[in-house]
There are 2 protein chains.
Amino acid sequence: MAKDKTLGRGSYHHGDLRQAMIEAAEAVLAEKGVGGFTLRECARRAGVSPAAPAHHFGNLVGLLTVIATLGFDDLSEAMEAAVAEAIRSGGDRLAAICEAYLAVALARPGRFRVVFGRLGLKNEDENLRRAGIRAFGILVRETKLALGRQTEGEDLLTRPLPLFADDPDLAAILFVWSVTHGFSTMLIDGQLGPFEMQPSGRERLCELYSKQLVGLLLAAVRQMTARPGPLANPCRHG
Amino acid sequence: MAKDKTLGRGSYHHGDLRQAMIEAAEAVLAEKGVGGFTLRECARRAGVSPAAPAHHFGNLVGLLTVIATLGFDDLSEAMEAAVAEAIRSGGDRLAAICEAYLAVALARPGRFRVVFGRLGLKNEDENLRRAGIRAFGILVRETKLALGRQTEGEDLLTRPLPLFADDPDLAAILFVWSVTHGFSTMLIDGQLGPFEMQPSGRERLCELYSKQLVGLLLAAVRQMTARPGPLANPCRHG
DNA sequence: CTCATATCTTGACGCTGTTAAGTTTGTGGC
DNA sequence: GCCACAAACTTAACAGCGTCAAGATATGAG
């Protein structure tokens with residue numbers, strides 16, 4: 001069933017409601033934000049009744065979970081592509097994935113907000129979990145590579161919880177992620193609004209990120225490379 | 001009016017509904033998150049009818065705006081207190097405010113989520129704006145101080161928008177903020193859940209933050225101090 | 001005491017997510 | 001080709017939501 005997508009609006013069956021709902025949801029999220037997001041509104045845009053989506057996604061959380069999974073896949077694919085491009089052009093791989101992360105957030109703010117929003121997803125969903133771990137695995141691999149560790153392509157899915165409990169690189173990994181994620185979310189959510197009031201202000205902030213923040217990040221990681229193992233905070237007696 | 005707060009539940013007038021609503025709201029936010037937040041639920045906990053809050057806050061957004069303002073004040077006070085303590089004990093001031101930021105987020109996740117959530121606040125509210133700029137001003141001051149710049153106690157409220165358009169320290173400021181904010185939000189929102197599965201896992205993450213991430217942050221800023229002005233990302237030809 | 005005013009309640013509106021039951025459509029077995 | 005079945009969708013209904021208008025009640029100033 002549903003092989004022919006040309007059923008279209010006129011007929012009783014939509015034809016590809018699943019995809020249409022996802023697109024509608026992302027459109028609503030992108031233009032109205034999390035607050036204005038409504039399942040009924042999405043159904044309206046897709047041209048179906050409010051109860052129609054239930055068959056495909058169960059409920060609202062199910063729809064969001066599917067979108068979040070796509071969001072993780074976006075991140076994974078963009079980061080992998082960025083790494084490939086960095087290898088080709090001789091650029092820094094870690095810098096490449098940091099920029100790719102922000103680029104994804106800006107390109108599809110709807111998806112990104114769902115992934116890292118506070119809407120509540122179906123966290124036990126297996127597809128979501130795999131997609132998340134895949135994306136995170138890329139970050140781990142590239143950070144370790146930047147640290148000079150040899151990475152053996154371990155499957156994170158088989159790692160015991162808690163992840164990286166005794167990994168000496170955990171600090172570096174979370175540092176990279178914090179900077180990248182922090183800047184991306186603040187930019188997406190408008191917390192940096194006061195800095196981008198003039199025309200093309202957002203572009204200038206992205207440039208600042210690419211040219212300076214990522215540079216600071218790399219410098220910090222490189223410093224860790226020189227002195228492997230935990231780096232003590234010199235201002236604490238711990 | 002409302003001088004005697006002992007009116008209590010029995011009487012027609014609550015006595016201090018404004019405060020009661022704020023507390024109820026934060027309790028709901030802390031235990032149910034943004035998704036389960038409801039004005040009616042808050043009114044229920046405060047023991048009043050659903051329409052009662054309207055007189056004090058206008059509407060739901062008004063309540064959230066007040067809470068967000070308190071959240072900014074929390075941040076400001078905690079950071080100032082941390083600076084004072086750092087001065088007293090000889091610790092690093094910038095490290096102190098980074099740790100204070102996370103501490104506030106963990107201590108009052110309800111407020112913190114409202115401040116930086118995606119719920120939509122009354123952004124033109126003057127109190128909110130002032131509180132936000134005050135908190136941000138502390139971050140700016142301490143970052144500039146760490147960079148060795150002399151800070152003349154400028155009032156950010158009078159700065160023209162966009163803020164810091166040509167400030168050479170903007171990158172450092174946003175870097176510090178990104179790390180601190182990124183880690184705090186990820187921890188609060190459970191994105192770091194896989195790392196804290198065992199008992200007292202959150203404490204270990206906080207320790208990692210204090211002892212290593214903040215250390216990396218300081219190292220990056222110090223490096224900037226040595227080489228003032230914009231720091232080029234060495235892996236880009238910009 | 002009187003009465004304006006601030007505070008809270010009641011009742012209603014349209015909206016939401018979700019469910020149950022019924023209707024239409026496509027598909028595989030014959 | 002036909003038919004039964006399953007999938008996809010609709011309609012109708014439910015409780016709960018935010019908000020508003022109108023009415024009730026308490027407070028404090030005169």
Side-chain angles (χ1 to χ4, degrees), chain A residues 1-25 28-29 32-67 114 117-122, chain B residues 1-25 28-29 32-67 114 117-122:
Chain A
M1 78 209 58
K3 281 175 188 171
D4 186 4
K5 313 202 171 187
T6 62
L7 277 174
R9 314 300 89 87
S11 52
Y12 193 97
H13 283 15
H14 182 286
D16 194 12
L17 180 56
R18 185 184 164 90
Q19 188 60 31
M21 279 296 297
I22 291 172
E23 286 166 12
V28 173
L29 280 164
K32 297 197 185 178
V34 168
F37 177 76
T38 279
L39 191 60
R40 280 179 119 105
E41 168 73 11
C42 299
R44 227 172 281 132
R45 294 198 186 199
V48 297
S49 77
H55 202 299
H56 294 273
F57 304 100
N59 55 15
L60 185 140
V61 173
L63 170 58
L64 292 177
T65 301
V66 170
I67 293 175
V114 172
R118 297 154 232 253
L119 290 159
L121 307 177
K122 205 169 154 193
Chain B
M1 80 212 59
K3 282 176 186 170
D4 185 5
K5 313 202 173 186
T6 63
L7 277 175
R9 316 298 90 83
S11 52
Y12 192 96
H13 283 15
H14 181 284
D16 194 12
L17 180 57
R18 185 185 165 90
Q19 188 59 31
M21 279 297 296
I22 292 172
E23 287 167 12
V28 172
L29 280 164
K32 297 196 185 177
V34 169
F37 178 75
T38 279
L39 191 62
R40 282 179 120 104
E41 167 73 11
C42 298
R44 226 172 282 132
R45 295 200 186 197
V48 297
S49 77
H55 201 299
H56 295 273
F57 304 100
N59 56 15
L60 186 140
V61 173
L63 172 57
L64 292 177
T65 301
V66 170
I67 294 175
V114 173
R118 296 155 230 253
L119 290 159
L121 306 176
K122 205 170 154 193

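Convention: sequence-line order gives letters A, B, ...; per-chain numbering from 1.
- With rounding to whole Å, Lys32(A) atom NZ is found 13 Å from dT16(C) atom C1'.
- Annotation: side chain of Val114(A) is in contact with side chain of Leu121(A) (closest heavy-atom distance under 4.5 Å).
- Applying the side chain to side chain donor-acceptor pair (under 3.5 Å) test to every pair with at least one member in residues 44-55 of chain A, sequence neighbours left out, gives these pairs: Glu31(A)-Arg45(A), Glu41(A)-Arg44(A), Glu41(A)-Arg45(A).
- Using a 4.5 Å heavy-atom threshold, the side chains of Phe57(A) and Ile67(A) count as separate.
- Checking dC8(C), dG18(D), dT19(C) against every side-chain atom of Ala54(A), the shortest atom distance belongs to dT19(C).
- What separates CG of Leu17(B) from C1' of dT27(D) is a distance of 16 Å, to the nearest Å.
- Atom CZ in Phe57(B) sits about 14 Å away from atom C1' in dC8(C), given to the nearest Å.
- Mapping Leu39(B) and His56(A) onto DNA chain D by nearest heavy atom places His56(A) closer to the 5' end of the strand.
- Separating the CZ atom of Arg44(A) from the P atom of dT10(D) is a distance of 13 Å, rounded to the nearest angstrom.
- Nucleotides of DNA chain C nearest to Ser49(B) and Leu60(A) differ in position, and the one nearer the 5' end is that of Ser49(B).
- Counting only heavy atoms from C-beta outward, the side chains of Val66(A) and Arg18(A) approach each other to under 4.5 Å.
- Atom C1' of nucleotide dT19(D) and atom CZ of Arg40(B) are separated by 9 Å, given to the nearest angstrom.
- For Ala54(B), there are no side-chain contact (heavy atoms from CB on, under 4.5 Å) partners two or more places apart in sequence or in a different chain.
- Set against dC8(C), dT10(D), dG18(D), the side chain of His14(B) has dC8(C) as its closest nucleotide.
- If you take CE of Met21(A) and C1' of dC9(D), they are 13 Å apart, rounded to a whole angstrom.
- When rounded to the nearest whole Å, the span between CZ of Arg18(A) and P of dC9(D) equals 12 Å.
- For the OP1/OP2 pair of dT9(C) and a distance below 4.0 Å, the side-chain nitrogens and oxygens of His55(B) include no atom meeting the criterion.
- Between Asn59(B) and dT19(D), a side-chain N or O to OP1/OP2 separation shorter than 4.0 Å is present.
- In this structure, CD of Glu41(B) is placed 15 Å from C1' of dA15(D), rounded to the nearest angstrom.
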